[in-house]
Amino acid sequence: MLNRLSSYILGVFLVFLLFTGQALSQQPGEMEIRQGVIEQITPVQIPSNHHRGIGAIVGGLGGLGIGSLIGGGTGRDVAMVAGALGGALFGNEIQKKNDQPVPGQQVIVRVKSGVLVAVTQPVNPNLRTGQRVYIEGAGDGARVISQ
C-alpha cells in the first residue's frame, strides 16, 4: 500500500515538473528584430484561434451536471445522457456562431539582405507601402511595426 502511494506521489510530482518546465520555457526573453521596407500589403481573413470542440465539451459537461439533478435511479441516468448530448449540441452551435475569422493583412517586407519576408497579422492601419519597418520575432509570432 505504501509503495503504491509513493509511486502515485512520484508520478504526480514528475507531471508537475513537466508542466512547470514547459511553462518556464515559454516565458518572454530575447526577440529577433529585422529592418526592412514594405513592398506590399494585402487584406486577408485570419481564422479564429478558438480550439475546435471546446464548446461541445463545456456544453456536454454542463448538460451532464444539470441532468444529474433530475430524478433518481435509471431516470437520472437517462437525464444525464440526454443533458450531456443536448449540452454538447448547444455548446457546439454557440461556438460556431462565435468562431468568425478576423480581418488581417499580409505584409511583404524586403529586409536589408534583399530577402522578402511575408508576415500575416491583425490589421495595423499605421502601415503603408514603401514605409521603413521592423519585423519583431519569427514564425507565427512575427509582427511588422513601424520604425
Side-chain angles (χ1 to χ4, degrees), residues 2-70 77-147:
L2 184 59
N3 237 355
R4 185 177 284 176
L5 180 62
S6 62
S7 295
Y8 176 75
I9 291 172
L10 179 62
V12 169
F13 180 70
L14 290 175
V15 169
F16 173 76
L17 285 178
L18 175 70
F19 284 116
T20 305
Q22 186 73 3
L24 291 175
S25 68
Q26 294 176 354
Q27 290 181 349
E30 294 180 2
M31 181 184 302
E32 177 183 357
I33 298 178
R34 295 171 279 178
Q35 291 181 318
V37 176
I38 296 178
E39 295 269 327
Q40 179 181 350
I41 300 175
T42 307
V44 295
Q45 294 291 316
I46 301 173
S48 171
N49 61 357
H50 293 130
H51 298 290
R52 297 225 177 265
I54 294 295
I57 292 170
V58 171
L61 291 173
L64 180 68
I66 292 171
S68 70
L69 301 174
I70 299 172
D77 294 342
V78 170
M80 288 171 63
V81 170
L85 291 174
L89 291 173
F90 184 69
N92 190 40
E93 288 302 314
I94 290 174
Q95 182 176 5
K96 276 197 238 177
K97 289 179 183 174
N98 294 319
D99 202 14
Q100 301 298 321
V102 293
Q105 58 189 174
Q106 182 186 51
V107 183
I108 298 178
V109 178
R110 185 172 302 275
V111 293
K112 287 189 171 190
S113 66
V115 174
L116 290 174
V117 177
V119 177
T120 302
Q121 65 184 29
V123 174
N124 181 345
N126 299 324
L127 299 179
R128 63 186 185 289
T129 304
Q131 180 179 9
R132 296 183 59 76
V133 293
Y134 293 119
I135 302 174
E136 290 184 340
D140 290 342
R143 294 289 172 254
V144 177
I145 59 169
S146 52
Q147 282 189 3

Requested in this report: Could you tell me which non-hydrogen atom of Ile46 sits nearest to which non-hydrogen atom of Gly104, and how far apart they are?
Outcome: CD1-CA, 3.7 Å
Query raised in the report: What pairs of residues pass the salt bridge (charged side-chain N to carboxylate O under 4.0 Å, His left out) test when at least one of them lies in residues 131-143, not counting sequence neighbours?
Result: none
Report task. With rounding to the nearest 0.5 Å, note down the distance linking CD1 in Ile145 to CG in Asn124. Result -> 9.0 Å
Requested in this report: Using side chain to side chain contact (heavy atoms under 4.5 Å, CB included) as the criterion, list what pairs up with Ile41, not counting sequence neighbours.
Outcome: Ile38, Gln105, Val107, Leu127
Report summary line: Correct closest heavy-atom pair for Ser146 and Gln131 would be CB-NE2, 3.0 Å
**Report entry** side chain to side chain contact (heavy atoms under 4.5 Å, CB included) partners for Ala79, two or more places apart
**Finding:** Ile70
Query - Point-to-point distance, once rounded to the nearest 0.5 Å, from OG1 of Thr120 to CD1 of Ile108 - result: 9.0 Å
**Report entry** Pairwise side-chain contact, Val119 with Val109, heavy-atom cut-off 4.5 Å (strictly under)
**Finding:** no
**Report entry** Nearest heavy atoms of Ala142 and Ile135, plus distance in Å
**Finding:** CB-CG2, 4.4 Å
Query raised in the report: With distance as the sole test, does Gln106 use its side chain to make a donor-acceptor pair with the main-chain N or O of Ala118 at under 3.5 Å?
Result: no
**Report entry** Heavy-atom check, side chain of Val102 versus side chain of Pro122, under 4.5 Å
**Finding:** no
